[in-house]
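Values below: every heavy atom of this structure, side chains too, minus hydrogens, waters and symmetry copies. Both ligands and their constituent atoms are indexed starting at 1 by order of listing.
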Amino acid sequence: MALYSEKVMDHFLHPRNVGVIEDADGIGEVGNAKCGDIMKMYLKIEDGVVEDVKFETFGCGSAIASSSMATELIKGQPLSEVRKLTNKAVAEALDGLPDYKMHCSVLAEEAIQAALEDYESRSGKKV
Ligand code: FES
């Protein structure tokens, strides 16, 4: 079996939603101290729904694939659903990651949750 699924390779080679949202409503930046990789998520929120999401990931292929898949999973979703997104769901949507690469999907979960918290503190609204 190949080390990485076709979906991981696809999202690594053709990442979706890369970039910056200048007037984002919530921004989350997280890093992994061990590998040094950094992920930043930008959320545009309208009526309690993720209207747009973009990311910048300075990291490994699995982190790029995880952020790309995570943005696809939350785009158009209500914030209550986004709140429940786990790294496991991201990894499953990618048809799995090798065990020692699971921490890369954790960055995606953490970046999105950090962006939600930023949105809460900026807007004064509870998700
Ligand atoms: Fe650090 Fe993948 S090796 S996020």
| query | Got a salt bridge between Lys125 and Asp25, using NZ or NE/NH1/NH2 to carboxylate O under 4.0 Å? | reply | no
| said: Closer than 3.5 angstrom, by distance alone: can the side chain of Asp47 be matched with the main-chain N or O of Val49 as a donor-acceptor pair? | reply: no
Under 3.5 Å, which donor-acceptor pairs link side chains of residues 93-105 to any protein atom two or more places apart or in another chain?
| unit_1 | atom_1 | unit_2 | atom_2 | d |
| --- | --- | --- | --- | --- |
| His103 | ND1 | Tyr100 | O | 3.4 |
| Ser105 | OG | Asn87 | ND2 | 3.1 |
| Ser105 | OG | Met102 | O | 2.7 |

| task | Could you count the protein N, O or S atoms found under 2.8 Å away from atom 1 (Fe) of ligand 1? | result | 2
| message | Taking Val127's backbone N and O only, do any of them form a donor-acceptor pair with Glu120's side chain (distance below 3.5 Å, no angle check)? | response | yes
| message | Looking at ligand 1, is there an atom of it that comes within less than 4.0 Å of some heavy atom belonging to Lys101? | response | yes
| query | Once you round to the nearest 0.5 Å, how far does CG of Leu85 lie from CD of Glu109? | reply | 6.5 Å
| query | What do the steps show when you test Glu22 against Lys44 for salt bridge (Lys or Arg N to Asp or Glu O under 4.0 Å), and what is the final call? | reply | CA-CA 10 Å; Glu22 294 294 350; Lys44 189 78 199 148; over 6 Å; no
